[in-house]
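Please read these numbers as outputs of a predicted model, since none were measured by experiment. The chains referred to below are lettered A, B, ... by the order of the sequence lines, with proteins before strands, and numbering in each begins at 1.
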Amino acid sequence: MKINWKEIEAKWRTKWSENKDFETDPNEKQKKFITVAYPYPNSPQHIGHGRTYTLADVHARFYRMLGFNVLFPMGFHYTGTPILGMAKRVEANDKEIINNLKNLYGVPEDTIKEFVEPIKIASYFHQEIKAGMIEMGYSIDWRREFTTIDPMYAKFIEWQIKILKEKKLIIQGSHPVGWCPKDQNPVSQHDTLGDVEPDFTEYILIKFKFENYIIPTATLRPETIFGVVNLWVNPEIIYKKITVNNEKWIVSKECAYKMEFLDKKITYEGEIKGSELIGKTVTVPHRNESIVILPANFVESETGTGVVMSVPSHAPFDYQALIDLKKSQMEPELSKKVNAITPISIIVTEGYGENPAKEAVEKFKIVDQNDPKLEEATKEVYSKEFYEGKLKSNTEQFAGIKVAFAKDTIKEWLIKNKHADILLELTNTPVRCRCGAECVVKVLNNQWFLNYGDMNWKEKATKCFDSMNILPQEIRTEFNYVIGWLRERACARQHGLGTKLPWDKDWIVESLSDSVIYMAYYTISKFINNKTIVSDNLTSEFFDYIFLDKGDLEKISSITKISNNIITEIKKEFQYFYPVDSRHSGRDLVPNHLTFFVLNHVAIFPESNWPREIVVNGSVLMNGSKMSKSMGNIIPLRKAIADYGADPIRLAIIISAELLQDADFNMESVGGIQNKIESLFDQCFSLKAEKSDVLEAEDIWIKSKTQKMISQVTIAVEKMRLREALHDILFGFESDLSWYMKRVTAKNRNNISSIIHEVNSIRIAMLSPFAPHIAEEMWEKLGHSGMVSKSAWPIFSQINVDPISIQSEEYLKGVIEDITKILKVTKMTPQKITIYTADLFKFKVYHFILEKITKGQTNMGIIMKELMANPDTEEIKKNPDFVQKTIKDILSEPTEIRNTKIESKKFNEKNFLANELAELGRKEFSVEIQVFSESDSEIYDPKEKARHARPFKPAILIE
RNA sequence: GCGGGAGUCGCCCAGCCUGGUCAAAGGCGUAGGGCUUAGGACCCUAUCUCUUAGGAGUUCGUGGGUUCAAAUCCCACCUCCCGCACCA
């Protein structure tokens, strides 16, 4: 039967909401506080977002069925710059974004017009996302919803940031950022044309002395100062004479402009043409050696200072330029100088000789200095030398050091001796701001940082991580690593939505810093939303009292004008729900949000309120590739729900991958899930919970198997191995059920409705956290009163597991399988089948061997000797083949089955087969099956097969 | 470079933690059959190689090792993917 997902889902959604099932207040039960990283509302959510929330919802629903008082709240993170950027683009009538909003996100045109206001964007997508979450059936307590620009939230963040400052964890310093000179604003990826991230590198400026000027050259390789033999300038460039912090420099115009933003005082003094510098000499700093300035056209005014130091031994450009120059027409005097130049080799690298640059130029078949392949050659030499090279003896105190280590040391040494300076430069130029201006690097002074580099802080966070449950376990090392390399992090910016720094109103608390302890806020947001408290009254004393148990109630009450009772109630609410029992998020938040979450908790809260668990999930791929706007493979969640139903989407997301794996989502799998659920749904109509009569062998077996399933599924869900759990519920159990049906049909039984009813009730209860709507419907159809979401999670009961029945059904399956195999190989049509079970003597030997093996003895020779030493089993020497095969039989079995066999010595193969095999045989092979023991006196054994019988491996004769 | 992860029977993907139920689940694909007016959907059977008696052989990136026994544990190597920040 086709399921009307929409109708069923709406029906149960309404019931949950009417019953206020997910509105959680403190009570006498044990609590679980489950949170997910709240969404940033700059677009509708897609299937990928759905994964994290779905996992958390399953988690919440599971704990609810286990009897916990579960709080699962949600907020919306308005803080940040991307929305601001979007608003600007809408205002500028940017075609791309308007097209995306209209066609990709389906925003009505009238609404788009309002999007010039950033808050309109946020609140539009906020409602869109919320609607999707409700449609997905997430069991969220919406009374606690908030946004991060609510006035009350601002108070909360002010409190948080103030505490951090008091603890001296917020410090001030300077920091380079991408910068738009026109907007006077930092730029990030969202603010640039084409969404490029401004990427910059640090060049070392080596200060060469030229008369009373300094000619700086920019390099990434300060160590090569020991190999410099000349300088390159472009004769066509007009250089600027400038004063930089009381020094006179000669650099390109572009370089001078860049330096204006780098916290340097620049005044312009004059100009000099590149050609005028040719042939002049400069002094190498520290060595006081003179080298000549030569012309080269590969030198660009936009890069570095517009002057390049030449290290022909290690830099392919320099080597090639020197060759080009030697070939060209020169004044005799210059020519003499050029010919006197010999490269100085300063790095030894395995695989290269004296002149790596020369080798690379030859290898890449470089034509001249304008050859584009030179970039590649440079890259190769550089990376090889950097990671593998060592400095030679002509590098003074640095001799013998690996280049990778020497680089920073030499940089420090040069700067300390005033031989060098720093130049920051964009590497992916030109980066243009959305306003059209070309961006630069700016050093921001007075920037505020969270000092995540603080060793004590790190230690505390590590302690917290050590005591936390991290799921899956594999991700733990990654957290430890992140804690290790974390340094200062800017925690405020100058534009965007968010809370202003209380002590410096020019700055707004940055989005990854105002989202670290907000879980605590959920415990008070309920009182804000129902107007019990208002923001005007709130002071940091209030938060101190609620969250840190500091201060005096009377005093707080008089300051805030909130009654003692209410303050006490709020405090109790917090104390009941805190700490966070489980925090869910995607793995992309591991190196930032999740780690900051822990760091800030340990900084602000006492140990008793440190978080308990983190659950991390992988991302979602669409048909094997990343979802992206440009690929056009983003499926909006609400559209998917409308097309397929929420439950099939939930199931498809969960079944497609284990927690940390990337889930490859495709619509075919959703169809498969729908069919699976439909067939389960159909069964529910015909089943009745009537009393069952006497249980037959297969009934006991399927009940045992059901218990095993309960145990497996429960353990899997506890570890958030939801794929495995769901698989066991839906598919894994299917093969057991079909064996059961085979047995039942063979016997022509029609009294199994109650058994199946019982089994399916258990399955549907366990399915309920995964597919909550349809599970309710099935539960109702099965005739249960009450809701499945409020029923108890099935509990494993050892009493209902009958090991002997598991063993005997396995045995029966084995016999059927053997017969099938024989028929397959021989291709015969059976007329008659005869089974011979082993005699008592063989059983005695079998158990002897079984016990030996259990004790670890697997050596055939030793076992044989021991058997012969015992008068009871001595006779086995006539049948050594039996011993060998028996050892093999036993070794190929799981330990569990071996133990069962030890415990069930009395198992009577012949009786069991005689009772259970005949009907099955008739059904499966359409023949009569006769069963003998090989020791029976009136045995029918024309082919003398009986003697081959072994315990649990009867002999078979097919005619 | 540093750190993390992965390589499984045509494809996707389980299993590895805790060695034996593993020629290895499930899905897709393919072949045959059933159902259907037909198509789809669904159900059944088969799907490494050999085999006229339930068997044997060769497989889990490559090469070693430990063990009675290795996809699973240990060592080395090869290949691929992800993160390395001021951005949500």
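- If you take atom C1' in B:U36 and the same atom in B:U47, they sit 26 Å apart, rounded to whole Å.
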Restricting to nitrogen or oxygen on both sides, can you table the protein-nucleotides 18-25 of chain B pairs closer than 3.5 Å?
residue : atom : partner  : partner atom : Å
B:G20   : O2'  : A:Leu891 : O            : 3.3
B:G20   : O2'  : A:Glu893 : O            : 2.9

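- The side chain of A:Gln661 sits closest to B:A14 out of B:A88, B:A14, B:G83.
- Of the listed nucleotides (B:C86, B:G55, B:G4), B:G55 has the atom at the smallest distance from the side chain of A:Lys953.
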What are the atom names and distances for every N/O pair under 3.5 Å that joins the protein to nucleotides 40-43 of chain B?
residue : atom : partner  : partner atom : Å
B:C42   : OP1  : A:Asn675 : ND2          : 3.0

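- Here A:Val441 pairs with A:Pro176, A:Phe200, A:Leu262, A:Leu424, A:Leu426 under the side-chain contact (heavy atoms from CB on, under 4.5 Å) rule; sequence neighbours left out.
- At a cut-off of 3.5 Å, with distance as the only test, no side-chain donor of A:His593 or A:Asp588 sits close to an acceptor on the other residue.
- Under 3.5 Å, the side chain of A:Asn592 and the base of B:A88 form at least one donor-acceptor pair of N or O atoms.
- In this structure, A:Tyr644 has its ring center no closer than 6.0 Å to that of A:Trp5.
- A sub-4.0 Å separation between OP1 or OP2 of B:A88 and a side-chain N or O of A:Ser515 is absent.
- Ion pairing between a basic and an acidic side chain is recognised when a charged N comes within 4.0 Å of a carboxylate O; A:Glu724 and A:Lys719 show no such pairing.
- As rounded to the nearest Å, B:A14 and B:G61 have P atoms that lie 14 Å from one another.
- Taking atom C1' on both nucleotides, B:A25 is separated from B:C9 by 13 Å, rounded to a whole Å.
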Side-chain donor-acceptor contacts of residues 727-739 of chain A below 3.5 Å, not counting sequence neighbours, with atom names and distances?
residue  : atom : partner  : partner atom : Å
A:Glu734 : OE1  : A:Arg763 : NH2          : 3.3
A:Glu734 : OE2  : A:Lys676 : NZ           : 2.6
A:Ser738 : OG   : A:Ser735 : O            : 3.1
A:Trp739 : NE1  : A:Glu809 : OE1          : 2.9

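- Aromatic ring pairs are classed by plane angle as parallel below 30°, tilted from 30° to 60° and perpendicular above 60°; the pair A:Tyr38 and A:Tyr518 is parallel.
- Applying the 4.0 Å criterion to OP1 and OP2 of B:G4, one finds that A:Arg587 has every side-chain N and O outside that range.
- Under 3.5 Å, the side chains of A:Tyr811 and A:Glu909 contain a donor-acceptor pair of N or O atoms.
- Under the 3.5 Å distance criterion, with hydrogens and angles disregarded, a donor-acceptor pair is assigned to the side chains of A:Asp514 and A:Thr79.
- Annotation: B:C82 and B:C13 have their P atoms spaced 15 Å apart (nearest Å).
- A salt bridge links A:Glu510 and A:Arg489; the closest N-O separation between the charged side-chain nitrogens and carboxylate oxygens is under 4.0 Å.
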Just distance, no hydrogens or angles: give the donor-acceptor pairs under 3.5 Å from side chains in residues 813-822 of chain A, sequence neighbours left out.
residue  : atom : partner  : partner atom : Å
A:Asp818 : OD1  : A:Lys953 : NZ           : 3.4
A:Asp818 : OD2  : A:Lys953 : NZ           : 3.0
A:Thr820 : OG1  : A:Ile816 : O            : 2.6

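- Across the P atoms, B:G10 and B:C48 are found 9 Å apart, a figure rounded to whole Å.
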Below 3.5 Å is the cut-off: list the nitrogen or oxygen pairs between protein and nucleotides 47-53 of chain B, distance only.
residue : atom : partner  : partner atom : Å
B:U52   : O4'  : A:Val825 : O            : 3.2
B:A53   : N6   : A:Ile958 : O            : 2.8
B:A53   : N1   : A:Ile956 : O            : 3.4
B:A53   : N1   : A:Ile958 : N            : 3.1

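- Checked against the 6.0 Å centroid criterion, the rings of A:Tyr452 and A:Phe596 qualify as a close aromatic pair.
- The gap from the P atom of B:C74 to that of B:U67 amounts to 16 Å, rounded to the nearest Å.
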